[in-house]
There are 2 protein chains.
Amino acid sequence: METPRLSRDAVLDTALRIVEERGLAALTMRGLAADLGVAATAIYWHVGNRDALVAALTDRVLGDLGDLTPPGSADGPQERIVGVGRVLRRRILARPHAIALLHEQGRTAVMMRPAQRALAAEVAAAGLGGERAATVVRAVLHHVVGFVLLERAVQRGPEPHPGPDEVWRDPDGVDPALAHELGRPHDPDALFEVSLSALVSGLLAADT
Amino acid sequence: METPRLSRDAVLDTALRIVEERGLAALTMRGLAADLGVAATAIYWHVGNRDALVAALTDRVLGDLGDLTPPGSADGPQERIVGVGRVLRRRILARPHAIALLHEQGRTAVMMRPAQRALAAEVAAAGLGGERAATVVRAVLHHVVGFVLLERAVQRGPEPHPGPDEVWRDPDGVDPALAHELGRPHDPDALFEVSLSALVSGLLAADT
DNA sequence: ACCTGAACACCGTTCAAGT
DNA sequence: ACCTGAACACCGTTCAAGT
């Protein structure tokens with residue numbers, strides 16, 4: 001009854017290190033086995049196959065986004081809801097591989113859970129309930145996660161075929177000042193703040 | 001001087017058909033060559049390599065999103081801006097493979113171009129200009145594309161590990177009615193409408 | 001229970017050789 | 001200019017066999 005050389009946790013640890021250091025595409029069963037000093041096929045006994053391995057990795061990475069309640073200093077309901085979104089975005093961006101993991105497998109729902117709880121609490125505290133509250137929670141969640149997804153996709157892209165400037169060389173009908181402004185790179189942090197605030201204020205102001 | 005058996009366009013045509021029918025992962029150089037009735041290596045002469053092939057596919061699919069100006073029936077500036085977002089989303093959803101293509105290669109900017117123009121026109125018509133107008137354009141664009149990206153990611157996912165219900169079994173502090181509401185599946189179309197409208201109204205109402 | 005080694009059916013890509 | 005065939009260095013996965 002020897003103690004086994006390998007364990008599920010050991011496999012996940014090394015796999016996660018590979019993904020963090022060299023990306024999800026660099027995670028191969030053979031390479032992972034080499035790093036573990038073991039035959040490639042040994043991994044299958046512990047984690048099933050590559051898909052299951054990636055799924056397990058996803059759960060581990062997204063299971064601990066931590067507490068998302070905004071600092072007590074934020075007082076207004078709008079500012080508190082925006083605060084949850086802000087923290088959520090930062091937590092996701094702090095895990096660069098999380099996005100790749102999510103997208104490979106479409107388990108976005110897993111990532112949404114803790115954020116959904118935190119948002120629900122704030123929205124309820126703001127005096128909303130029922131269907132209307134659920135809509136606010138979902139809208140904010142979608143906005144934040146979608147924003148981050150897109151933000152990373154744009155970052156990863158090589159310089160776009162036609163440079164961002166070039167597209168606006170011929171403004172053709174569009175206000176030249178606006179065209180020039182759109183040609184310049186923008187600050188994602190600022191854009192996030194402005195758009196999330198606008199969304200929440202619009203949601204809270206709605207009649208229905 | 002025989003006419004060549006293959007052409008760049010023929011390669012792209014068949015490649016696109018494969019992606020549409022069986023997904024981006026099913027696009028292999030060998031399989032594509034088989035469909036074309038040619039040696040796998042012949043493809044390389046016409047399109048370079050697989051990455052270049054995918055890039056070319058992306059340009060083709062996203063180059064013709066078509067005109068995005070909303071119907072003339074929409075009159076208010078807010079309704080017109082929302083209209084552009086609505087049309088953009090529908091056009092993207094009508095091309096299921098477009099999202100995979102985009103994400104594989106991060107050329108999201110390409111897709112944004114025509115939408116940016118249409119939005120800029122509407123925002124300018126609404127009387128905004130300069131930096132403020134640019135912010136509105138970018139915020140709406142990010143919201144719509146991010147929403148669609150997330151929407152598809154959720155769709156593709158297998159049933160989440162803990163069912164959407166299960167998560168809310170123990171509401172623990174959260175209003176039970178809200179918890180129950182969040183456990184139910186929602187209508188993405190409705191959520192899109194509500195959130196985009198709220199965002200735009202919030203953006204147009206902002207003081208700065 | 002846990003691990004190895006060989007084997008199968010794939011990949012993308014390069015390159016000399018043919019026409 | 002355009003295409004083939006062989007070859008290289010990879011993949012994920014299965015499975016009988018070992019301990």
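Residue numbers start from 1 in every chain, and the chains themselves are labelled A, B, ... in the order their sequence lines are given, proteins ahead of strands. Since the model is a prediction, treat every value here as computed from it, not as a measurement.
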Spacing of [X] atom [atom1] relative to [N] atom [atom2], expressed in whole Å:
X       : N      : atom1 : atom2 : answer
A:Ile43 : C:dG5  : CD1   : C1'   : 15 Å
A:Leu27 : D:dC10 : CG    : C1'   : 15 Å
A:Tyr44 : C:dT4  : OH    : P     : 14 Å
B:Leu32 : C:dC10 : CG    : P     : 17 Å
B:Arg8  : D:dC2  : CZ    : P     : 13 Å
B:Arg30 : D:dG5  : CZ    : C1'   : 11 Å
B:Trp45 : C:dC15 : CH2   : C1'   : 16 Å
A:Arg50 : D:dC10 : CZ    : C1'   : 14 Å

Should B:Met112 and B:Leu65 count as side-chain neighbours, where that means a heavy-atom distance under 4.5 Å?
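No, every pair of side-chain atoms sits at 4.5 Å or beyond.
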Pair listing, salt bridge (charged side-chain N to carboxylate O under 4.0 Å, His left out) test, anchored in residues 84-100 of chain B, at least two apart:
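Listed once each, the pairs are B:Glu79-B:Arg86, B:Arg86-B:Glu193, B:Arg89-B:Glu151, B:Arg89-B:Asp189, B:Arg90-B:Asp189.
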Would A:Ser195 and A:His143 satisfy side-chain hydrogen bond (donor to acceptor under 3.5 Å, both in side chains), going step by step from the backbone distance to the final call?
CA-CA 9 Å; A:Ser195 59; A:His143 179 81; 3.2 Å; yes
Should [X] be listed as having a side-chain N or O under 4.0 Å from OP1 or OP2 of [N]?
X       : N      : result
A:Thr41 : C:dC3  : no
A:Asn49 : D:dG12 : no
B:Arg5  : D:dT4  : yes
B:His46 : D:dA1  : no

Donor-acceptor contacts, no H, no angles, side chain residues 9-34 of chain B, under 3.5 Å, sequence neighbours left out:
| from | atom 1 | to | atom 2 | distance (Å) |
| --- | --- | --- | --- | --- |
| B:Asp9 | OD1 | B:Arg60 | NH2 | 3.1 |
| B:Asp13 | OD1 | B:Arg60 | NH1 | 2.6 |
| B:Thr14 | OG1 | B:Ala10 | O | 2.7 |
| B:Thr28 | OG1 | B:Gly31 | N | 2.9 |

Out of D:dT4, D:dG12, C:dT13, whichever nucleotide has its closest atom nearest the side chain of A:Met29
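The closest nucleotide is D:dG12.
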Taking the side chain of B:Leu6 as its heavy atoms from C-beta onward, which of C:dC2, D:dC3, C:dT13 lies nearest to it?
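It is D:dC3.
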Between C:dA9 and D:dA9, how far is it from one P atom to the other, in whole Å?
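Nearest-Å result for C:dA9 against D:dA9 at atom P: 22 Å.
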Under the 3.5 angstrom rule, does the side chain of A:Ser197 hit a backbone N or O of A:Val194 as a donor-acceptor pair?
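Not at all, since once roles are kept as given, no pair shorter than 3.5 Å links the two residues.
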Look only at the side chain of A:His142 and the backbone of A:Arg138, and say whether a donor-acceptor pair between them is shorter than 3.5 Å.
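Side chain of A:His142 to backbone of A:Arg138: a pair is present.
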Can you tell me which stems involve DNA chain D, if a stem is defined as three or more consecutive Watson-Crick or G-U wobble pairs, both distances under 3.5 Å?
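Stems (3+ consecutive pairs) listed as C:4-8 with D:12-16, C:12-16 with D:4-8.
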Find which nucleotide of DNA chain C each of A:Val38 and B:Gly48 is nearest to by heavy atoms, and output the residue with the more 5' nucleotide.
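Comparing both residues, the 5'-ward one is A:Val38.
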Give the intermediate values and the outcome of side chain to side chain contact (heavy atoms under 4.5 Å, CB included) for residues B:Thr69 and B:Val84.
CA-CA 6 Å; B:Thr69 43; B:Val84 175; 6.0 Å; no
